Each structure stands twice: as structure tokens, then as C-alpha cells.
Amino acid sequence: MSKTLIRGAKVLGGAPQDVLIDGQTIAEVGTGLSAEGAEVVEADGKVLLPGLVDLHTHLREPGREDSETVLTGTRAAASGGYTAVFAMANTFPVADTAGVVEQVYRLGQQHGYCDVQPIGAVTIGLEGRKLAELGAMHESAAGVTVFSDDGKCVDDAVIMRRALEYVKAFGGVVAQHAQEPRLTEGAQMNEGVVSAELGLGGWPAVAEESIIARDVLLAEHVGSRVHICHLSTAGSVEIVRWAKSRGIQVTAEVTPHHLLLTDELVRSYDPVYKVNPPLRTERDVLALREALADGTIDIVATDHAPHPHEDKDCEWAAAAMGMVGLETALSVVQETMVETGLLDWAQVADRMSVKPAEIGRATGHGRPVSAGEPANLTLVDTAYRGAVDPAGFASRSRNTPYEGRELPGRVTHTWLRGKATLVDGKLT
């Protein structure tokens, strides 16, 4: 059984402590620790967090291995400090059967850079007409608990109600991509001043907000759990805040890019800024930050959406929507939430590890950094600042909106059940 002694780490941003890993478990946390034969990692005041958990990742395999694979995606996750990711169902074939989710689950086990928990489709083929094999996917080896048609909205209220009723039986959750399709036909960016000036089809905030309002009421009626994917508007925040005040079982996520970037960037016509939901206004960005700080928004999720070069290096209207995010997420959160004083590092751990693990029922993740707990950990050099260089990404794709932008913080080490997956910023 291997031992690792992390010396002088600021656990959750607190006073420096030593953490001893013995095998797959944290054996001891304290000061002045020693262990014969242990590999010593000098943390030098770096921040030690529980391994991050991403509830919203696109790994693309099976079917779009030109964008990403389970191997490259989990390597990117480890580079970003993640020890578990939830893989979205919009693959080819769609992850709407026990067979497909088990394939993705076993690929994650085989590669070993982080745990991969497949998300099952809500409807067959993501077509919104007939429920997929929800029970079979839950009972499979993958043990699916989260279901989503992400990329498409479950816009039929009857289908959404039935899905909520079905997953309630085993404590599952439906993660909704809130986008009323009729209100977003031909939409290219956020509807507002910038879209009017550029002559691009507008994507109104109400297209998101109307679906969220409907779904929280359905969740209340059924008594089931609903999770809102990539919430992006100030109005959506108010609806979720109201729903929580009524005791409705709703959780919500925000992406790093919606915490930092605005629709003003679309003036460049650079398709790297084309994403679903679209970048919104400065007012929306500030509302999202405040909501993440006060707990209205529960978690940060990357919506890591890799695309090959040719799908982004084209005219705006033809470009695919999405951004890669696993390797930059923590840096963006440090800049937007920690350095602004909105969150401390313990709260970052809550939003990026503890709560996503709870929502997705990711056993062994999001646990305290204390003796007896699984050694799923990430070490962050918070003093680092540097320009983002996608050439160094572990992801197969390079469609980042942060290329050349200086961001704070760098993950130096990641441990999955005591095994180092990242050492000194390099994958093992």
C-alpha cells in the first residue's frame, strides 16, 4: 500500500496542515506528520480541496471520437482537478439504453483518470416523444441516477411529468436543458441590444425562464427532483429562488463561462463564443455570481463541449455551439468568485465537489478532507497566474474562449482514491 504525505497544504483554504494518504484513504490530517517510506509532496501553502465533481460533461464517445473520447476527456478532467464527471447522453448512439451507458461506464473504469458516471437520456433518441429505458439504465452496472436530453429540451409537459414520476421511485433526478424550441428557432445569440446591432437571430431569456417555471411547478406537483442545467439569466435565478422558498426540490447549475463572459464578445463574430445557452448580458453575469454565492444556484458545472477545429473555424451561423471547460473551470471560479470575495475556498469545495456529488449520488466523492475518507483530492497553486494555452490541453479539442487570456490558479496534483493522476501539472 503506497503512502503520500502532503505537507503544508491549506485544507479548504485554512491554516496549513499535513495530510497523510495511506492506500486509497486519508489516514491522518494534522501538523508535523511523518510517515516512513511515504512520498512527500511539499504543498507550500497551496490549497487542498476534495476532488472536483462535474455534473455536466460531454465526452462524445461513442460516435464523435473526433471531438473527444472517454480517455482524453477524463485526462482533461484530471488536469482540471476533477475526480468524477457525469457524461451527457447526446452521443451516437444516444445513451438511452442500459447497453450504451454500461459501455461508457466501463470505458471510464478502464482508463482510470477519473470516475465516469453516465447520464441517461430522458427520451428515446433525444426525440422528446417516448421515455427511454430509465429503470433499466438505473438497474444496470452503470447505476444511472441522472437523466437528461441535454442539447435538447424535454419540451412536452406530459413527457416531463412522466419522467419526474418515474425517477422519483428510485431517487433519481431529471436534468433539464431549459430551452423552449419555438422561441429559439433560428436563434444565434442572446436577444438584446447586441443581437439587434449585429443582425443575428435573438435567443430570448424567456425561452429559458418559461421552461424552468413550468418544470419547478411539475416537480412540486409530482414531489420529485428536478435539476436545471446551465442556468444563464437573471430571471431564471428569481424563478429558482422562488421555487426553493416554496420547498420545491430544485437544484441548478451555472457554467464558468456564464460567470465571466458576456454577449459583447459576439461583436467579434468569433464562433468560439457561440454556446448554448448563449452568453448573456453583464447584468445576467452579476446576478449569476450573486446567486451562486447565496446558494440559489447550487453548483458550478462545466458543460465541457469539445468540437473539432473544422466545426468552429467557420462562419458564425454554421459553427457548432459549445466550449471546452474542464481544464479552466477552477481558474475562472477563482477569478469571478474567490478574488471578488463572493466565495471562500470552503464554499468553492461545496459548489464544485460536495453538492454536485450529492445531486448525482456520486458515492465516495465530495467528502470531507479528514481521516477515514476516500483520498479523492486536488491541490491548487492559487498564487499562479498565466495565459491560457490550449496547445497544452489534454482534451482532444481546443475550442476555448480563454486562449491567451490570463487566469489565476493552477491545479498541480490530483489524486483518485490515493493514486496520483496529475503530478506537478503533468498527467501520470
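Just so it is clear, the model here is predicted, and its values are computed rather than measured.
Between the side chains of His58 and Asp150, at least one donor-acceptor pair of N or O atoms lies under 3.5 Å. In this model, no donor atom of one side chain and acceptor atom of the other lie less than 3.5 Å apart for Glu127 and Thr123. Defined by atom type and a distance below 3.5 Å, a donor-acceptor pair is present between the side-chain atoms of Thr69 and Thr72. Side-chain N/O atoms of Thr255 and Asp303 include no donor and acceptor closer than 3.5 Å.
In this structure, Asp96 does not pair ionically with Lys130, as no charged nitrogen and carboxylate oxygen lie closer than 4.0 Å.
At least one side-chain heavy atom of Leu217 sits under 4.5 Å from a side-chain heavy atom of Glu220. A heavy-atom distance below 4.5 Å is not found between the side chains of Gln249 and Ser224. Within the 4.5 Å cutoff, the side chain of Val226 has no heavy atoms near those of the Leu218 side chain. Between Tyr384 and Thr412 there is no side-chain heavy-atom pair separated by less than 4.5 Å.
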- Item | His304/Thr57 under side-chain hydrogen bond (donor to acceptor under 3.5 Å, both in side chains): CA gap, chis, key distance, verdict | CA-CA 5 Å; His304 175 79; Thr57 300; over 6 Å; no

Quiz: residues 75-87 side-chain donor-acceptor pairs under 3.5 angstrom, not counting sequence neighbours:
unit_1 : atom_1 : unit_2 : atom_2 : d
Arg75  : NH1    : Tyr113 : OH     : 2.8
Ser79  : OG     : Arg75  : O      : 3.0
Thr83  : OG1    : His365 : ND1    : 3.2

Name each donor-acceptor pair under 3.5 Å that joins a side chain in residues 139-146 to protein atoms two or more places apart or in another chain, with its distance.
unit_1 : atom_1 : unit_2 : atom_2 : d
Ser140 : OG     : Met137 : O      : 2.7
Ser140 : OG     : Ala142 : N      : 3.2
Thr145 : OG1    : Gly360 : O      : 2.9

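Ring geometry, His138 versus Phe170: the interplanar angle falls under 30°, so the pair is classed parallel (tilted spans 30 to 60°).
Among residues two or more places apart in sequence or in another chain, the salt bridge (charged side-chain N to carboxylate O under 4.0 Å, His left out) test is passed with Arg241 by Glu238, Asp294.
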